[in-house]
2 protein chains.
Amino acid sequence: MLLLGAASALVDGINEGVRARGFTDMRPAHGFAFVRLAPDGATVVELAEHLGVTKQAASQMADELVRKGYVERRPHPTDARARLLTLTGRGWACTRAADEAASEVLLPWADALGPDRLATVRTALSTLAVPGRIRPTW
Amino acid sequence: MLLLGAASALVDGINEGVRARGFTDMRPAHGFAFVRLAPDGATVVELAEHLGVTKQAASQMADELVRKGYVERRPHPTDARARLLTLTGRGWACTRAADEAASEVLLPWADALGPDRLATVRTALSTLAVPGRIRPTW
DNA sequence: CCCATGTAGTCAAGCTGCTTGACCAAATAG
DNA sequence: CTATTTGGTCAAGCAGCTTGACTACATGGG
């Protein structure tokens, strides 16, 4: 289906842009994690739910991101068992790079389309998409 | 991105429909393979190119599909090295089931949208999607 | 006609990202 | 104060892919 092709092209394009900006050790999956971590941080379990994987998988991804310097594990303010994962400066820089890359990919597309048809596409897609479903690994 | 959510929902929906029709041992990736095999069959290498994986990976997927009875390995009519992978009766039945499932998922969506806006969405997506790119494994 | 190079396919080994299962420590309910 | 739930980790295993090496057939130039 061409919906899939478009989605792939989009993800590839953004990933390409992120790498071009110097973050060569990032995969698209990391970007999906950043979406959840960006506002106020999250626990491993919350991250796991957001990504649709087990908490072990999320934990080991967190390990990787900590090792690479994008994420910190801080003590949770109210729960001594939990740890709050938050973005480091480098993590935020990468998030900004991803936003830039995304605009870069979408801008010419939105331009060619015009605001009206763009809105049509957006609403059309949002009726099909169930909220929060981001499981790219088939 | 909500484009991804829509793509995921679509794939999941179709896969669900296929399973509901009795083909419980199928993954979405198999469907992508069928797209290439359906018209006249294909060799392992052609399948590999279509899926964007190595020929070894394609070959072992072919093994699986043969084992499950969806695909046959026949001698290639003009090249004694090659083997032509073709769908069996069961393979065609599964293809038909997938088509039905796809319409089932898309029909209410297309209905709600109307032909005009549907066409808009289609053309919009096709400008973004590069041809033949179907690599769902990020 | 024959050899050199290219191509289709398989075998084998290894890696990566995920899973299931078991467990500990802190939180929470009774 | 115990019993259960919840956040997190450790360990082992698996699925789907990769790279590398090899065989059998194809093909083009001498």
Side-chain angles (χ1 to χ4, degrees), chain A residues 8 11-12 15 24-34 36-37 40-68 70-86 133-138, chain B residues 4 8 11-12 15 19 24-34 36-37 40-68 70-86 133-138:
Chain A
S8 290
V11 170
D12 284 353
N15 192 235
T24 55
D25 52 359
M26 297 296 285
R27 288 180 295 123
H30 299 144
F32 299 136
F34 280 25
R36 184 64 181 80
L37 299 181
D40 304 299
T43 67
V44 165
V45 170
E46 289 167 344
L47 179 61
E49 280 172 6
H50 177 249
L51 296 176
V53 299
T54 59
K55 57 185 180 177
Q56 292 91 328
S59 178
Q60 102 189 17
M61 186 182 197
D63 282 343
E64 183 188 348
L65 290 174
V66 167
R67 184 165 27 84
K68 290 179 177 169
Y70 293 99
V71 168
E72 271 181 340
R73 274 185 219 266
R74 322 193 46 169
H76 195 282
T78 66
D79 190 332
R81 298 169 300 177
R83 299 179 167 213
L84 194 61
L85 303 170
T86 56
R133 262 302 267 101
I134 312 181
R135 290 229 48 193
T137 312
W138 301 317
Chain B
L4 302 182
S8 290
V11 170
D12 284 353
N15 192 234
R19 301 179 123 263
T24 55
D25 54 358
M26 297 296 286
R27 289 180 296 121
H30 298 146
F32 299 136
F34 280 26
R36 184 64 182 79
L37 300 180
D40 305 299
T43 66
V44 165
V45 170
E46 289 167 344
L47 179 60
E49 280 172 7
H50 177 248
L51 295 176
V53 300
T54 60
K55 57 185 180 177
Q56 291 92 327
S59 178
Q60 100 188 18
M61 184 182 207
D63 282 343
E64 183 188 349
L65 290 174
V66 167
R67 185 165 24 85
K68 290 180 178 170
Y70 293 99
V71 167
E72 272 181 341
R73 272 184 219 267
R74 323 193 44 168
H76 194 282
T78 66
D79 190 333
R81 299 168 300 176
R83 299 180 167 211
L84 195 60
L85 303 171
T86 56
R133 262 300 270 104
I134 312 181
R135 291 231 46 194
T137 312
W138 299 316

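Each chain gets a letter, A, B and so on, in the order the sequences are listed, and its residues count up from 1. Predicted model only: the values in this text are computed from it and were never measured.
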Handout entry: A:Arg73 side chain, from C-beta outward: closest of C:dT10, D:dT9, C:dG17
Key = D:dT9

Practice task
Please figure out whether A:Thr54 or B:Glu46 has its closest DNA chain C nucleotide nearer the 5' end.
Solution key: B:Glu46

Could you tell me which residues satisfy side chain to side chain contact (heavy atoms under 4.5 Å, CB included) with [X], sequence neighbours excluded, listed by chain and number?
X	answer
A:Glu64	A:Arg27, A:His30, A:Arg67, A:Lys68
A:Arg36	A:Ala42, A:Glu46, A:Leu47, A:His50
B:Arg81	B:Asp79

Exercise for the section: Please work out if B:Ala82 contacts a base, only the sugar-phosphate, or nothing of the nucleic acid, heavy-atom cut-off 4.0 Å. Expected result: sugar-phosphate

Exercise for the section: Calculate the interatomic distance between B:Glu49 atom CD and D:dC17 atom P; express it in whole Å. Expected result: 16 Å

Problem - nucleotides 21-30 of chain C: protein proximity per nucleotide (B base, S sugar-phosphate only, - neither; heavy atom, under 4.0 Å) - result: B----BS---

Problem - Global bending angle along the helix from C:dC1-D:dG30 to C:dG30-D:dC1, which compares the axes of five pairs at either end, to 10 degrees - result: 20°

Problem - pair B:Leu51-B:Met61: side-chain heavy atoms closer than 4.5 Å - result: yes

Completion exercise
A:Asp63 meets the salt bridge (charged side-chain N to carboxylate O under 4.0 Å, His left out) criterion, sequence neighbours left out, with A:Arg73

Problem - Residues which pass salt bridge (charged side-chain N to carboxylate O under 4.0 Å, His left out) with A:Arg74, listed by chain and number, not counting sequence neighbours - result: none

Practice task
Only counting residues at least two apart or in another chain, list the ones meeting side-chain hydrogen bond (donor to acceptor under 3.5 Å, both in side chains) with B:Arg19.
Solution key: none

Problem - Listed partners of A:Gln60 passing side-chain hydrogen bond (donor to acceptor under 3.5 Å, both in side chains), at least two apart - result: none

Practice task
Check each residue of residues 60-67 of chain B for a non-hydrogen atom within less than 4.0 Å of any atom in DNA chain C, then write out the ones that pass by number, or none.
Solution key: none

